[in-house]
Amino acid sequence: MNEYQRGEEAFLKAYGRYDTVIEKGEGVYLYDTNGHQYLDFYSGIGVNSFGYGYKPYVENLKKQLETLTHVSNYFYTPVSVEAAEAVKKATQLEGVFFCNSGAEATEGALKLARKYYYMKNKTADSEIISFHHSFHGRTTGSVKLTGNPHYQEAFGPLISGVRYATLNDIESVKALINDKTAAIIVEPVQGEGGVYPCEQSFLKELRQLCDQHDICLILDEVQCGMGRTGTIMTYFQYDILPDIVCLAKGIGAGVPVGAFVANKKYAEAMQPGDHGSTYGGNPFVCAAVKTVFEIINNENMLEHVRDISQYLICQLDQVVEEFDIVESRRGLGLMQGLVLNQDAKPIVKRLLEDGVIVITAGVNVIRMLPPFIIEKQHVDEYIGKLKNILKDFK
Ligand SMILES: *Cc1c(COP(=O)(O)O)cnc(C)c1O
């Protein structure tokens with residue numbers, strides 16, 4: 001039996017996995033057990049911002065492994081304090097809670113918004129507004145926030161009091177707001193659901209609505225945050241601040257860590273005993289978080305993301321022009337989607353066979369989340385292979 005077959009024997013079948021077995025990575029390329037090379041245009045679902053084997057990242061993590069990996073949250077460590085300070089500075093918010101994943105970040109944000117509501121209203125009878133096509137994770141809380149009935153159906157009863165509005169339709173939000181509304185959670189760019197960016201006016205109006213009604217605005221930047229769209233947080237492109245932001249994926253760039261970060265008002269609602277995590281933000285993952293910010297700040301990474309994404313966008317727009325089956329392009333920075341008039345899976349599969357890894361979003365969107373370190377030659381390699389494959393589809 002090869003590794004794929006052994007994996008199929010050993011794992012629960014929670015994922016539809018490819019029969020390619022990935023062995024190692026270097027730069028922007030992955031290699032399978034047969035030695036085939038793959039251009040990475042998905043970064044392990046928006047995680048590996050610096051590709052594979054990025055020197056400062058690997059060196060700092062190695063050093064931390066030899067110093068201390070875990071100590072529990074009874075104690076601060078120098079590296080965890082530095083990581084939290086870096087997150088605080090980058091988000092322009094007040095207080096950080098480290099967890100282990102994106103789902104935990106949205107769960108934690110939800111709990112904190114409810115805690116504030118409870119302290120203010122002396123009742124826990126509150127509601128949350130989320131959006132159709134959203135994705136916030138797979139736990140029984142975060143999957144309820146996820147506006148996709150398909151992910152929820154079999155797993156009820158889930159948490160109650162969640163209602164769904166339509167992205168970029170402010171009236172649909174207003175219609176759901178009432179005295180019980182504790183929070184609105186939204187991705188500035190919906191990832192999983194189809195790469196839908198929020199319109200400028202929409203996010204600004206959400207911020208105003210939340211101010212007006214004392215509702216917690218939670219921005220889920222698990223996928224679009226940490227520089228992926230060209231600014232450290234996507235919300236800086238909208239000129240607003242959230243009450244709470246959720247981070248994961250790129251904040252660890254390869255180690256499991258997430259965070260939710262609150263402004264002063266919500267930070268004050270968190271009291272000892274309200275929330276916790278054994279691993280959450282241990283010294284090992286905090287060394288990664290700290291290093292991620294150092295790399296982004298010291299190596300002009302965001303400037304590069306803005307430049308190279310402009311080039312990618314130009315090439316993608318040409319693909320839209322050239323091929324009838326490609327209807328449009330959506331996205332911000334290095335978070336891009338090509339919208340097809342058909343199922344995207346067969347094309348994504350052909351790309352894999354041709355040595356490029358991308359993923360789908362929704363049903364008919366090819367989603368691209370390349371590492372920040374891609375250069376023009378990698379964009380050209382991708383576009384060349386993509387065009388070659390699209391010729392075979394009508
Ligand atoms: C991936 C993702 C999550 C869930 O993160 P996990 O680490 O898989 O739990 C939550 N929100 C958004 C926007 C995501 O893209």
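For clarity, every value in this text was computed on a predicted model and none was experimentally measured. Ligands are counted one by one from 1 in listed order, and the atoms in each one are counted from 1 as well.
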Ring geometry between H275 and F97 (parallel below 30°, tilted from 30 to 60°, perpendicular above 60°): tilted

Ring centre gap for Y29 and H36 strictly below 6.0 Å: no

Atoms in ligand 1 flagged as close to E187, the criterion being non-hydrogen separation under 4.0 Å: 13 (C)

Any N/O pair F135/ligand 1 closer than 3.5 Å: yes

For G102, the ligand 1 atoms whose distance to one of its heavy atoms is below 4.0 Å: 4 (C), 5 (O), 6 (P), 7 (O), 9 (O)

Sub-4.0 Å atoms of ligand 1 with respect to non-hydrogen atoms of Q223: 15 (O)

Ligand-side contact atoms (ligand 1) for residue partner S101, heavy atom cut-off under 4.0 Å: 7 (O), 9 (O)

Pick from M335, K249, E104, E192: the one approaching atom 14 (C) of ligand 1 most closely through a non-hydrogen atom: K249

Aromatic ring proximity, centroids under 6.0 angstrom, H304 and F372: no

Within reach of ligand 1, part of H136 (heavy-atom separation under 4.0 Å): backbone

Shortest non-hydrogen contact between L369 and S43, atoms and distance: O-OG, 2.6 Å

For D220, atoms of ligand 1 separated by under 4.0 Å from a heavy atom: 10 (C), 11 (N), 12 (C), 13 (C)

Taking atom 4 (C) of ligand 1 as the reference point, the nearest protein heavy atom with its distance: A103 N, 3.6 Å

Pair K264 + E268: basic N to acidic O under 4.0 Å: yes

F284 ring center near H70 ring center (under 6.0 Å): no

Under 3.5 Å side-chain donor-acceptor pair for N298 and E294: no

